[in-house]
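For reference, the structure is listed below as structure tokens.
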Number of protein chains: 2
Amino acid sequence: MASDGPRRSGDAAPGTGTGDRPERARTARWRTAADVLARVRGEPGITRAELARRLNLTTGSATEITARLRELRLLSETPAPARGRGRPTTVLAPHPSGPLVLAVDLRQEDWRCGLASLDGRIHDLRQGRHAGREPGAVLGALGEVVAGAWRRHGDRLRAVSLAVPATVRDGRIVQASGLGWGPVELGALTARSRLPLLVGNDATLAGVAEARTGAAAGAGTALHLLVEVGVGGALIVGGRPVTGAGGTGGEYGHMPFGDRALRCPCGARGCWDLEVDGRALARHLGAPAPRDPRTYARRVLARVAGREAAGDGLDDVPIEAAARAAGVVAGSLAAGIAGLVNAHAPDVVTLGGLAVHLRAAASARFGAAYADGLMSFRRDLPPPVLDAAYGDDGALHGAVAVGLDHVTSEAALAAWADAL
Amino acid sequence: MASDGPRRSGDAAPGTGTGDRPERARTARWRTAADVLARVRGEPGITRAELARRLNLTTGSATEITARLRELRLLSETPAPARGRGRPTTVLAPHPSGPLVLAVDLRQEDWRCGLASLDGRIHDLRQGRHAGREPGAVLGALGEVVAGAWRRHGDRLRAVSLAVPATVRDGRIVQASGLGWGPVELGALTARSRLPLLVGNDATLAGVAEARTGAAAGAGTALHLLVEVGVGGALIVGGRPVTGAGGTGGEYGHMPFGDRALRCPCGARGCWDLEVDGRALARHLGAPAPRDPRTYARRVLARVAGREAAGDGLDDVPIEAAARAAGVVAGSLAAGIAGLVNAHAPDVVTLGGLAVHLRAAASARFGAAYADGLMSFRRDLPPPVLDAAYGDDGALHGAVAVGLDHVTSEAALAAWADAL
DNA sequence: GGTTTATACTCGTGGCACGAGCATAAGGTG
DNA sequence: CACCTTATGCTCGTGCCACGAGTATAAACC
């Protein structure tokens, strides 16, 4: 098969060769090691004995492989607290001088970054506000962040993983309406350090985080939907997002679930986007289109929740009207979700951003519209719709996850070992 | 456990160990063999030298592995036609006494089946009409087919792969509206032979066939849509369909792209289903709902194409009206497809069944609605929409593909070798 | 202090792919 | 027709990995 989405190396696609040297065995050899590291990440604090059971390793193999990984500065072992009889085992943890991933979450107003070790824990969290909105200024600041981490950690830093509030194609930004950006190249961020740069959409990465270790943990197929201005999201299968050609998928807000008479800024018609955010609330309230639909929506929903703020500019909006509008919008959201559930049959649906508040503001209406939109055979056991566990931190944790996937791939482990 | 980490060749369940013995190495050992067989299937008639290049094998490894696979009755080698200088190589083909898969396509009026060898070629194609519509009668006949193949081929038969025009959950039919069936167990088909039984939706499997070796061959992400009564389909990523929990996904026809006022027999509202098939054509023509929407639609579209058949019961329908109705319906189909393309960003879209004729009957309207529904950044290079290459044979070929995936899995190869 | 239990360690074995060198079967050339 | 060129196949020693069986160890239990 041709090159495509899930870029990583040790992948599905019984396709053509990797194109590299005859180094087939060189990477294949790391298969078990990669599995071990994945397990350590999935269950931080796992003991060696437990690991061996999970992976069906004999004790001999476990001894060998942990020794190897310790030697390679990938894992460290510390005595585990005794539990009952038997010889004490050890807890597996990332090695203190093992590989690191720099995860960066670029947001509309600011950025955040953190260094992640192999267990997925984030250290050294930093943040900063954008000085200006221009791509050059923002990327300059991020470039400094990358350079700083590279200076401090040298070869321990193995990848940079970036979450952006934008449509991403082949590692480049196609458009970021929230930032007011058109196409932006990102390669400069790691040009000097030559680190692998992984770029993903923020909603997609938040979905990855939820599916791996968040509210949808354990789900084979999970659907994450993030509402802010419009709807973004991702379908995550086996922990990997389905992002399509070039990674531009996940634009769920541009399915025609809405009024065909409305033209969306994206260029299409009837987009779901227009039915579920602040713009929709304003329409239903007879107000003009808000300049900042996100803040506007939060204010309206706060009003519904009885937390009216003075000077929110909504003094003339009665609570009943706000509640009605929220109900309609929550219904549109739920109906669309039901359609997506019909099509994709996720085990769980997770909600992020405004969607959480929208549902809370009109939960009965939401639940009714959800049930009403499901095919009847799905109603016996409909996929639960859960609030995101990571809140606003999903994108950063998702970036960590994707970065570590890369670093613990067979090829990357082989490279790490080669470098001693 | 949170599905996570780099997922290897295996399958879904990224979770705990396989649950089997410590037979980790026993199956892992077959990784390269599985890759070789996958390649032989992907490129029937491939030579040994070409294979080695594709998989980055040294000539020594190629010698060893082909010898092993020949010994195991998985592959056979025949001299390849010489091409230029150099020592002649051999063509790899399935072994004459290698494993076989029985693929069965259960359709509304009849069934078809064939035996497939490792290269995916179908031998010994048979078919039969259903004597009665009752599940018992139909499954009885299919049981005979399975038993017959098992008698004839014994242990060479390694799996039965079944395509059904139904919603499938965990290998069972949930409902098959075309057949008028409710839930149906299928395990009895292979209870005696104890063969693995793989069950899939027909539209999903047709999509698999198109994505592997049909019109979408080479696509990393492909979307297949089949219109008959309503719309079925599948998103295929890396050759594997995204079928969700229990395999019930792919019900694209039940996304609310349509008129929210219309209640669908499925229980939901506004289903796309209702906008794109014979029922929609009848509505737009002011005719009562047809009893057999599929035949009705074919007749209307034949009329549009100028192939009016006497006695088709449409004598009072002017061609212009039929063309108008077809245009509206083709537009609805295209608009929905555009929405799905926005959400999933496939490399290619393939059409099956009525969808092909619908588009042909109103190609301008279809093309316009498709473009109009795309996000503007997708319009530069929109995914091509192609007619299915396999026509009505997609489901059977897809069943073959899935069956062979199973048979050439590492675990199945280990089992085949153990049985000598 | 002895027993039980769970786990770790040692070591010989088999399997696989590799790499280097040699062998072979064609086409091309004079 | 002898000889060269080219592409490929074959042999064999090597390194690496996980296995399995047996042995050793460190705790809790009695």
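Each chain gets a letter, A, B and so on, in the order its sequence line appears, and its residues count up from 1.
Checked against side chain to side chain contact (heavy atoms under 4.5 Å, CB included), B:A411 has the following partners two or more places apart in sequence or in another chain: B:T27, B:S409. The side chain to side chain donor-acceptor pair (under 3.5 Å) test applied to B:D119 returns B:S117, B:R121, not counting sequence neighbours. Contacts of B:D418 classified as side chain to side chain donor-acceptor pair (under 3.5 Å), with partners at least two apart in sequence or in another chain: B:R26. For the side chain to side chain contact (heavy atoms under 4.5 Å, CB included) test, residues two or more places apart in sequence or in another chain that qualify with B:R156 are B:S97, B:L100, B:H153. Shown here are the salt bridge (charged side-chain N to carboxylate O under 4.0 Å, His left out) partners of A:E71, two or more places apart in sequence or in another chain: there are none. In this structure A:T59 satisfies the side chain to side chain donor-acceptor pair (under 3.5 Å) test with no other residue, sequence neighbours excluded. Taking the side chain to side chain contact (heavy atoms under 4.5 Å, CB included) definition, one finds that A:A116 meets it with A:V400, sequence neighbours left out. Shown here are the side chain to side chain donor-acceptor pair (under 3.5 Å) partners of B:E64, two or more places apart in sequence or in another chain: there are none.
Listed pair B:T63 / D:dT11 fails the phosphate criterion, with no side-chain N or O lying under 4.0 Å from OP1 or OP2. Remark: A:R48 is in phosphate contact with C:dC9, judged by side-chain N or O atoms under 4.0 Å from OP1 or OP2. Phosphate contact (OP1/OP2 of D:dC19, side-chain N/O of A:S61, threshold under 4.0 Å): present.
The distance between atom CZ of A:R31 and atom C1' of C:dC16, rounded to the nearest whole Å, is 13 Å. Taking atom CZ of residue B:R53 and atom C1' of nucleotide D:dG9, one finds them 13 Å apart after rounding to whole Å. One interatomic measurement links the two molecules: CH2 of B:W30 to C1' of D:dA18, which rounds to 16 Å at whole-angstrom precision. In this structure, A:L57 places its CG atom 15 Å from C1' of C:dC9, rounding to the nearest Å. Between A:E50 atom CD and C:dT7 atom P there is a gap of 9 Å when expressed in whole angstrom units. Distance B:E410 CD to D:dA18 C1': 14 Å, rounded to the nearest Å. When the P atom of D:dG9 is taken as reference, atom CD1 of B:I65 falls 14 Å away, rounded to whole Å. Going from atom CG of A:L51 over to atom C1' of C:dA8 covers 14 Å, rounded to whole Å.
Here A:E410 pairs with B:R31 in a salt bridge; the nearest charged N to carboxylate O distance falls below 4.0 Å. Salt-bridge annotation for B:D35 and B:R54: absent, with no side-chain N of the basic residue lying under 4.0 Å from a carboxylate O of the acidic one.
Near-neighbour residues of DNA chain C inside residues 80-92 of chain B, defined by a heavy atom below 4.0 Å, number-ordered: B:G84, B:R85, B:G86, B:R87, B:P88. Residues from residues 67-78 of chain B placing a heavy atom under 4.0 Å of any atom in DNA chain C, listed by number, are B:R68.
Annotation: salt bridge (charged side-chain N to carboxylate O under 4.0 Å, His left out) contacts involving residues 75-88 of chain B, sequence neighbours excluded, comprise B:R48-B:E77, B:R70-B:E77.
Of the two residues contacting DNA chain C, namely A:A49 and B:T32, the nearest-nucleotide position lying further toward the 5' end is that of A:A49.
Annotation: A:R192, atom CZ; neighbour count of heavy atoms from other residues, nucleotides and ligands within 6.0 Å does not exceed 12.
A donor-acceptor contact under 3.5 Å is formed by the side chain of A:T59 with the base of C:dC9.
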Give every pair of a protein N or O atom and an N or O atom of nucleotides 11-14 of chain C that lie under 3.5 Å apart, one pair per line with the distance.
none

